[in-house]
Every structure is written in structure tokens, then in C-alpha cells.
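In what follows, a single structure is set out as C-alpha cells and then discussed.
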Amino acid sequence: MAKGIFPQMSIPDITAALAGWDLSVSQEQLLRPTSDFVEGVYYVCLQQVTGISQDSLRGPVQNALFASATEEKAARVEDFNAKDLISPEKERTLILLSAFINFIKFTEQYCNAFVKGLRDRSEAIIVDRAQVSEQLIELEQKIGALKAKIAEDEPRCEELRNVNHALRAKMIATKEFQTAAVQEVEKLKAEKNALVKRKVGRPRVHFTPG
């Protein structure tokens, strides 16, 4: 007998739950389950949990066995086996479906909000990352345009630098010339003053008529 931690559901509750997933199941199908019937139901349950469609799986029986066994372990049903797919029994099928449905309801009630929060935060991070990427691209474009402008202006800048160097050299030469001229003027003044002093210091000579 299948063992699980979830309570067994009544047939009306099982059919109502499966109807909520757009799967119409009759009481007769649950009382006399067939291999094709349980395979289809387990696929719907698997798709409800994982979002994997039946068409996307290959080898329906083997994949259903593997996937359903995985989900049944998650639902704490430890003795799920191939016989539950190949030769299903009423009691085991009802217990397994009850466990599966209760597990899915549990995840929807307690886990989906948490998962949704993670997805929302992940989407926000993706949006922020996209915005940062756009800003980075815009910044790189501006830097590229600035570099292009600098390269375009470089010949003119080089010309201005050469003019500046020439003006600086001319200013230095002019200053040196002015300094030499001032020194020359000072020298002439000194010589003039010395000459004047010599003239002033000489005695006057008077001539008398003979």
C-alpha cells in the first residue's frame, strides 16, 4: 500500500481538483484506472508542477515513470513504482493522486508566493542590469565621441602649442634684449657722470693779455 504524509482525498475531491486543471475525470475512471488513464493524469500533474508539456517529453511511459516518481518522492510517497503506471490499482491510484494533488496545493499555497517574490526580484535585477548596460553603452558612446573630437582638434592644438612656444621664445629674447639695453644705458650714464666729475674737478686757467 502506498504511504504518504498527506490525507487521502475522496473521489469527488480528486475529480474537482483535476477539473481545476482542465482535466475531466469520471468516477468510473478512478474506480477502474487504466495505464493510459493514469499516465495522462500524472502528466497533467507533472505539467502543473514543472510546466513541462507532454509533447516535449520523449518515451511517454519511461519519462512519466521517472518524472512522476520524482514528484511522488517530493510528495513523500516512497513506494511509487512502474506497476503504478503499467498496472494501476484503484486504492493505490487514489492514494497517489491524493498525495500528488495535496502536494501541488501545498506548493501553490506556501511556495508560489515565495517563488513569485524571487521571480519579481530577479526581473527587477534584470531590468536594472539592462538599464545599467544602456547607460554604460551611452557613456562609452560619449567617450568615443569625445576621443574623436580630441583627435580632430589635435592638429589645431599642436599648431597653437607651436605658436605658444614661439611667442614664449620671443618674449624671452625681448626680455634679454631689454635687460642688455638697460645695462647699456646704465653704463653710459655712469660714464657720463664720471666725465662730468672730471671736468668739474679741474682748476681753471686764466690767460692775461701780453
Side-chain angles (χ1 to χ4, degrees), residues 2-10 12-25 30 33 35-82 84-85 88 92-154 157:
K3 300 177 182 179
I5 64 172
F6 295 107
Q8 182 172 346
M9 301 171 63
S10 66
D13 289 339
I14 293 175
T15 57
L18 295 176
W21 301 334
D22 296 325
L23 179 62
S24 179
V25 174
L30 291 174
S35 176
D36 291 339
F37 167 72
V38 296
E39 181 181 326
V41 173
Y42 289 147
Y43 266 119
V44 171
C45 293
L46 177 64
Q47 183 176 3
Q48 190 68 23
V49 174
T50 64
I52 301 175
S53 66
Q54 183 172 352
D55 293 337
S56 66
L57 295 175
R58 298 183 182 275
V61 174
Q62 292 84 353
N63 283 292
L65 172 61
F66 171 76
S68 297
T70 301
E71 297 303 328
E72 293 293 354
K73 286 181 179 179
R76 299 296 189 269
V77 177
E78 299 177 355
D79 56 348
F80 181 85
N81 55 64
D84 294 315
L85 284 172
R92 285 184 60 83
T93 299
L94 294 177
I95 292 174
L96 292 172
L97 286 177
S98 296
F100 221 140
I101 292 170
N102 279 307
F103 171 70
I104 294 173
K105 288 184 175 181
F106 174 83
T107 58
E108 289 176 344
Q109 182 177 358
Y110 296 102
C111 301
N112 284 3
F114 175 73
V115 173
K116 183 179 183 300
L118 290 179
R119 287 177 178 172
D120 291 342
R121 287 194 291 273
S122 177
E123 290 175 358
I125 291 174
I126 292 174
V127 171
D128 290 343
R129 182 177 179 180
Q131 291 176 347
V132 171
S133 297
E134 291 178 359
Q135 293 174 356
L136 179 59
I137 292 173
E138 182 180 354
L139 181 60
E140 289 176 345
Q141 290 175 345
K142 290 182 178 179
I143 292 175
L146 182 59
K147 288 182 177 179
K149 181 63 176 175
I150 292 174
E152 180 183 351
D153 293 342
E154 179 58 26
C157 292

For the residue pair Ile101 and Trp21, establish whether any side-chain heavy-atom pair is separated by less than 4.5 Å.
yes

Apply side chain to side chain contact (heavy atoms under 4.5 Å, CB included) to the pair Leu30 and Leu94, showing each step before the final yes or no.
CA-CA 7 Å; Leu30 291 174; Leu94 294 177; 4.0 Å; yes

Minimum side-chain heavy-atom gap Leu18-Val41 below 4.5 Å
yes

So do the side chains of Asp84 and Val38 get within less than 4.5 Å of each other, counting heavy atoms only?
no

Asn102 (side chain) donor-acceptor with Ser98 (main chain) under 3.5 angstrom:
yes

Euclidean distance, Asp128 CG relative to Gln135 CD, rounded to 0.5 Å
9.5 Å

Which pair of non-hydrogen atoms, one from Pro33 and one from Pro88, has the smallest distance, and what is that distance?
O-CG, 3.7 Å

Can you name the side-chain hydrogen bond (donor to acceptor under 3.5 Å, both in side chains) partners of Ser133, sequence neighbours left out?
none

Would you indicate whether the side-chain heavy atoms of Glu140 and Ile143 approach each other to under 4.5 Å?
no

If I take atom CE from residue Met9 and atom OG1 from residue Thr15, how far apart are they, to the nearest 0.5 angstrom?
8.5 Å

Could you grab the distance from atom CD1 of Ile137 to atom NZ of Lys142, nearest 0.5 Å is fine?
13.5 Å

Ser35 side-chain N/O to Leu85 backbone N/O, donor-acceptor pair under 3.5 Å
yes

Using 0.5 Å steps for rounding, measure from the CG atom of Leu96 to the CD atom of Gln8.
10.0 Å

